[in-house]
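See below for the structure under consideration.
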Amino acid sequence: SLEAETGQATGWKQTGSLSIATNPDRLTHIRRQASLSQAFGIGAEEISVSNAAEKWPLMRSDDLIGAVYSPSDGRVSPSDICAALIKGAKSQGLKVFEDTPVTGIRTENGRVAAVQTAQGEISCETVVNCAGIWGRSIATMVGAVAPLHACEHFYLLTELMDSVTAPLPTLSDHDGHLYLRDEGGGLLIGCFEPQGKALDIETLPEDFAFDLLPEDWDHIEPILANAMHRIPELEQTGVKMLLNGPESFTPDDRFLLGESPELRGFFLGCGMCSVGIATGGGAGRALAEWIIDGEPSMDLWPVDIRRFVPAQNTLRTLRERSPETLALHYAVSFPGRQHQTARNLRLSPLHSRLENAGAEFAERMGWERPRWFNPENKPTAPELSFEKPGWHSLHAEEHRAAREAVVLFDQSTFGKLLVQGRDAESVLQRLCANDISKADRRVVYTAMLNKHGGYESDLTLMRLDADSFLLVTGTGQPVRDKDWIRRNLNPDEFVTVTDVTGSYAVISIAGPNSRKLLSRVSLDDFSNYGFPYYTHRTIEVGPAMVRAARL
Ligand SMILES: Cc1cc2nc3c(=O)[nH]c(=O)nc-3n(C[C@H](O)[C@H](O)[C@H](O)COP(=O)(O)OP(=O)(O)OC[C@H]3O[C@@H](n4cnc5c(N)ncnc54)[C@H](O)[C@@H]3O)c2cc1C
């Protein structure tokens, strides 16, 4: 352990954790958490309500319908663990410079070259941006994207409570937006309240560090009522202290990890979304492997910085979204849940037509994409469900139309990359699994694979002319694909990659009546002979020239 290695205590106490459910959806949620943790070898298991009540004697349990207990969970002291990490690293030769603000980052040939500080410059090949709520400001120094924003985050400490004797498992009452544990003879009660509060870091003093923000009792009051419901004894217990600290939240409640696509050698390890202590060890190890080996040792796409585009990094967007991220931190993780804030960042040219046709939209990489069409305003509840959702029949209608008639999909949000230059063909041939030399008039559907044979991307590729290819990739993929191609170029290869996603709309026509529909708007030949399978060419649609691909 870290403590054995360094001789510095980390404050680790294995107290276990207890998650409770007051409704069937929450029960499904915590059961899923238990089975996921079992898959990772962590022994969380469902226990009875009476067993849960025995583990937390202060807790009201008559409204519970189930619980999950994880015996190997515990807690640490954040300052002690930080001291232990520093001690361990120093013993390996690391130097620590305290009170040394970073003022800039010098770059050379698209790479990090040095960190500039108030005390001078430090040459380096790699910078890791672990600046917490200031992570976006540091990234801005080099024009990199780091979508995170500070929010106020609260917990309170009660006076001593005679009934708090033994260490208690950390209690997650997420239906009440709460977590609770024993602390100093009383209780510590933290929350992720339904109305989060964004914090403008520009309002913090220049030397803000290890500090707290002003109390806000009005804000926290509804949560106190939930806490008193769960622990009735709190009605007779005084509050010793309300703590309000700043913490960074990202647009999707997952942290920002990995090498920035904007600058080689500039890594991110920030936006910890209030789980920086619990997950810091694993995130730190993953980051270290990423830096040393040039890739993470497992699939870390959910936290990879390349999942974001600059449109998601504006202050206005982040200020709007971050309180919702905080509010949803304890929400039931229904499939397909959509954020309500910071929407409509990127719209297809067909957006208003789709809207008029009754589209309900879902967000991906800042884009709005139709989820279903409901022109007659049929009831769609429940929209969020682990079971069959209310909009299922609307989806079914579209599936039927695609199978039996014809449908038009707006797929304008697909990522589009223009790969050009003298060596475009040979580079793509090296990176793609399929034979792209066939791409002349053919559409090539291919994977881009890494050295382990794993998928980096899944795309279609069309040759536009001798040294120019159009790659059409997934909506969430263009930043990653562009980065993958660029980082795999040899120094003597001449290729440019341009993200042209917003420059082209994509309309897909599918279904047995596709030809009939196209023949109504175009005089081109869509027969098997005139337009063979997996080919592409320019066609006329009404007055417009369109690149058409048959898939
Ligand atoms: C009230 C509260 C309760 C919490 N409870 C939990 C919990 O129970 N479990 C859990 O896992 N997490 C919890 N968290 C979250 C956790 O504390 C954070 O996720 C974690 O501390 C973030 O660590 P970090 O290293 O990313 O950022 P920080 O700890 O904020 O470190 C960033 C550092 O960067 C430095 N810095 C910034 N700008 C510059 C610059 N220009 N030059 C040099 N240095 C700079 C700062 O001074 C700071 O030291 C809680 C947070 C709060 C506020």
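Remember, it's 1-based here, ligands and their atoms both numbered in the order they're listed.
A cation-pi arrangement is absent between Arg181 and Trp56 under the rule of less than 6.0 angstrom and at most 45 degrees off the ring axis.
In this structure, the side chain of Gln312 engages the main chain of Val309 through a donor-acceptor pair within 3.5 Å. Using modelled atom types, no side-chain atom of Arg136 and backbone atom of Val145 make a donor-acceptor pair closer than 3.5 Å.
Every side-chain contact (heavy atoms from CB on, under 4.5 Å) that Ser248 has, sequence neighbours left out, goes to Ile133, Leu148. Judged as a salt bridge (charged side-chain N to carboxylate O under 4.0 Å, His left out), and not counting sequence neighbours, the contacts of Asp483 are Arg264, Arg306, Arg487. The side-chain contact (heavy atoms from CB on, under 4.5 Å) search around Asp25 returns Asn23, Val332, Phe334, Phe386, not counting sequence neighbours.
Protein residues with a heavy atom under 4.0 Å from ligand 1 are Thr100, Pro101, Val102, Cys130, Ala131, Gly132, Trp134, Ile138, His153, Tyr155, Tyr179, Gly245, Pro246, Glu247, Met272, Ser274, Val275, Gly276, Ile277, Ala278.
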